[in-house]
Every structure is written in structure tokens, then in C-alpha cells.
Engineer: 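If you scroll down you'll find the structure; I have some questions about it.
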There are 2 protein chains.
Amino acid sequence: MVTKQYTGSLDDADLTRADSLAREIFSDIANKWALLIIEALGDRTLRFSELRNEIEGVSHKMLTQNLRMLERNGLVERCVHPTVPPRVEYTLTEPGRGLLKTTHYMCDWTHQYLGHIEASRRSFGD
Amino acid sequence: MVTKQYTGSLDDADLTRADSLAREIFSDIANKWALLIIEALGDRTLRFSELRNEIEGVSHKMLTQNLRMLERNGLVERCVHPTVPPRVEYTLTEPGRGLLKTTHYMCDWTHQYLGHIEASRRSFGD
DNA sequence: CTGCATCCTTATAGATACTG
DNA sequence: CAGTATCTATAAGGATGCAG
């Protein structure tokens with residue numbers, strides 16, 4: 001469980017290894033660039049440079065860094081074609097595709113409530 | 001649209017205001033603490049201190065900061081009881097509850113693939 | 001109890017340059 | 001083209017103290 005579901009007086013030491021791992025993974029994917037990469041990939045196979053063009057505002061460094069993280073966690077498969085110049089293609093794995101449902105939903109949600117949020121910000125004092 | 005869905009040679013200046021707002025909102029919610037707060041609140045009403053206990057590892061500062069952000073965006077309602085000591089309760093608004101589907105799914109996903117991910121990390125060289 | 005402000009440490013992210 | 005490394009600027013985050 002990613003959040004505590006009990007209200008006892010347990011402290012950090014009582015988190016099981018699985019729980020802290022779950023939290024670590026949750027933190028990895030609950031991240032702007034990771035989710036945008038997953039959403040951009042979808043069911044397609046894209047090259048590094050194509051991903052960079054798809055994702056507005058991502059830097060070379062952030063893209064590399066997050067792709068390595070997603071690869072490490074087995075959400076993205078990296079395929080290197082030994083050509084000159086090199087061609088590196090990225091594809092979501094089955095676990096990675098499992099997150100598409102979430103990213104699509106989050107994108108839909110964002111557009112659905114764009115007006116609500118803009119109004120709320122104004123009344124909040126922006 | 002949070003990611004570009006076209007492949008033309010358009011540059012930053014072509015992003016519409018709505019698109020950059022959408023990206024800003026997406027970045028606000030595609031964030032570890034924001035999603036954990038939403039998941040922790042669920043359909044309940046919780047006090048500041050209760051939230052702090054529910055969310056393992058969150059600091060006073062991060063919780064305050066993210067609650068203000070969620071409030072500003074209209075995802076969380078803040079109710080102050082004028083008692084001594086003060087009692088401040090937080091509840092998800094309707095747009096906020098709209099994200100519960102996502103957070104629940106992400107939590108489920110995390111547990112579903114915990115084994116996959118652990119194995120992947122080992123074979124990656126951890 | 002909650003919130004804000006402060007200081008201070010660490011982490012993050014951009015820019016740049018260099019390699020295969 | 002893709003990746004790594006280095007440097008630097010800025011932001012994030014923890015700890016603390018004080019105020020309502």
C-alpha cells in the first residue's frame with residue numbers, strides 16, 4: 001500500500017520492504033516527464049529524437065535520464081540499431097502499456113476541468 | 001493536448017495558451033505528493049495532522065505547499081473551524097474526486113507489477 | 001494545531017562540450 | 001544520432017522558530 005491505511009502508532013521501521021519499494025516505484029512514475037514519455041509513446045515505437053520532438057519542452061538530459069529510469073523498471077524497451085549514425089528506438093513493454101490507461105485519463109481530466117481550474121485560480125487570487 | 005499530436009515543424013510560439021495551461025496543470029498533478037494527498041483523502045475529510053500521519057514521509061512544508069496548490073486549482077476544499085486550537089479540514093472537490101480513479105489505478109498497477117519491476121531492476125544491474 | 005518565514009543543504013535541470 | 005560528463009544556476013526540501 002502506497003499510503004498508510006491504518007491509524008496506529010507505527011513508525012518508519014514498520015514499513016515493510018515491499019511497501020517502501022512500492023512507494024519508490026510510485027514516486028518514479030508519479031512524475032511529469034515519466035508520464036509524458038509514456039503518453040507520447042503509446043502503442044508506437046519512437047526514436048530518441050522523435051520523442052524529443054513529441055514532448056514539448058523536454059531537454060536532452062531529462063529525456064535520457066527518464067528513459068533510463070523507465071528502462072530500469074522494465075516499462076520501456078530500448079532497441080539499438082548498430083548503424084551509422086545510430087538509431088535507438090523505444091517501445092512500451094506490457095507493464096508500461098498498463099499505465100496508458102492512467103495517462104490517457106489524466107490528459108482527459110486535464111482538458112475536462114481546464115475551465116474549472118482557471119476559474120478557481122482567479123478566485124484564489126491570481 | 002498535453003503532448004504534441006502533430007509532427008509538423010511548429011515551434012514553442014505555436015503552443016496555444018490553453019495548451020500551455022494544460023501542461024501546467026498536468027505538471028501540478030503529475031507529482032508524487034499531490035497524487036498521494038488525493039489518494040489519502042479519497043472520499044474522506046481529514047485534518048492537516050491526520051493527512052500528515054496518513055502520508056508516510058511527507059514533511060510539514062511539503063504538505064502545506066501541495067495542499068495550497070491543490071486548493072488554488074480547486075481540487076481540494078479547505079475548511080477552517082475557528083476554535084482554539086484551530087482545526088482545519090480538507091476534502092476533495094468534485095474535480096479532485098475525478099482523479100481518484102487515476103490514483104487508485106496507479107496504486108493497483110504498482111502492486112500488480114512489483115515483482116516484474118524488481119526482476120527488471122536486477123537484470124538491469126542493480 | 002496550523003501556517004508562514006527563515007536558513008541551509010541537497011537535488012534538479014539547463015547549457016555545453018566531447019565520444020562512438 | 002544518441003549518450004555521457006562536467007559545470008553552473010536555480011529550485012526543492014528539511015529543520016527550526018514564531019505567530020494566530
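Because the structure is predicted, anything quoted here is derived from the model rather than measured. Hydrogens, waters and symmetry mates are skipped; everything else that's a heavy atom, side chains included, is used. Residue numbers begin at 1 in each chain, while the letters A, B, ... track the order of the sequences.
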Engineer: Please report the distance, rounded to the nearest Å, between CZ in A:R87 and P in D:dG3.
Structural biologist: 13 Å

Engineer: Hey, which sits more toward the 5' end of DNA chain D by its nearest nucleotide, B:N31 or A:L67?
Structural biologist: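 With A:L67 and B:N31 compared, the 5'-side residue is A:L67.
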
Engineer: How long is the line joining CG of A:L63 and P of C:dA15, in whole Å?
Structural biologist: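 These atoms are roughly 15 Å apart.
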
Engineer: Select one nucleotide: of C:dG14, C:dA13, C:dT2, the one nearest the side-chain heavy atoms of A:Q65.
Structural biologist: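 Among C:dG14, C:dA13, C:dT2, the one nearest the side chain of A:Q65 is C:dA13.
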
Engineer: Phosphate oxygens OP1/OP2 of D:dC1: is one of them under 4.0 Å from a side-chain N or O of A:Y90?
Structural biologist: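 Negative; the distance criterion is not met.
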
Engineer: Roughly how many Å is it from CG in B:D28 to P in D:dA11, rounded to a whole number?
Structural biologist: 16 Å

Engineer: State whether the side chain of B:E50 and the backbone N or O of B:R47 hold a donor-acceptor pair below 3.5 Å, judged by distance alone.
Structural biologist: yes

Engineer: Specify the separation, in whole Å, of atom CZ of B:F48 and atom P of C:dC4.
Structural biologist: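 Nearest whole value for this atom pair: 10 Å.
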
Engineer: Please check: side-chain N/O of B:W109 versus main-chain N/O of A:T102, any donor-acceptor pairing under 3.5 Å?
Structural biologist: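 Pair absent, no side-chain N/O of B:W109 close to backbone of A:T102.
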
Engineer: Rounded to the nearest angstrom, tell me the gap between atom CG in B:N66 and atom P in D:dA11.
Structural biologist: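 That distance rounds to 17 Å.
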
Engineer: What is the distance from NZ of A:K61 to P of C:dA11, rounded to the nearest Å?
Structural biologist: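 Rounding to the nearest Å, NZ of A:K61 and P of C:dA11 are 13 Å apart.
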
Engineer: Picking from C:dA13, D:dA2, C:dC1, which would you name as closest to the side chain of B:S49?
Structural biologist: C:dC1

Engineer: Within the distance-only criterion (no hydrogens, no angle test), does the side chain of A:N73 pair as donor or acceptor with the backbone N or O of A:L75 below 3.5 angstrom?
Structural biologist: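 Pair absent, no side-chain N/O of A:N73 close to backbone of A:L75.
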
Engineer: How far apart are the closest heavy atoms of B:S120 and A:G74, and which atoms are they?
Structural biologist: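 Looking at all heavy atoms of both residues, the shortest contact is OG-N, 3.0 Å.
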
Engineer: Nearest to the side chain of A:S59, which nucleotide is it out of D:dG3, D:dC1, C:dG14?
Structural biologist: C:dG14

Engineer: What's the closest nucleotide to the A:H60 side chain, out of D:dA2, D:dG3, C:dC4?
Structural biologist: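 Closest of the options to the side chain of A:H60: D:dG3.
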
Engineer: By nearest atom, which of the nucleotides C:dG3, D:dG13, C:dC1 is closest to the B:P86 side chain?
Structural biologist: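 Ranking C:dG3, D:dG13, C:dC1 by closest atom to the B:P86 side chain puts C:dC1 first.
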
Engineer: Picking from C:dT2, D:dC1, C:dC4, which would you name as closest to the side chain of B:R68?
Structural biologist: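 In terms of side-chain proximity for B:R68, the closest of C:dT2, D:dC1, C:dC4 is C:dC4.
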
Engineer: Can you tell me how far P of C:dA13 sits from CD1 of A:I55, to the nearest Å?
Structural biologist: 14 Å

Engineer: Could you pick out which residue, A:M62 or B:R78, lies toward the 5' side of DNA chain C when each is mapped onto its nearest nucleotide?
Structural biologist: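 Result of the comparison: B:R78.
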
Engineer: Round to the nearest Å and state the distance from A:R52 atom CZ to D:dG3 atom C1'.
Structural biologist: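 For the pair A:R52 CZ and D:dG3 C1', the rounded distance is 13 Å.
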
Engineer: Identify the heavy atoms of A:L35 and A:I29 that sit nearest to each other, and give their distance.
Structural biologist: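 It is CG-O, 3.1 Å.
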
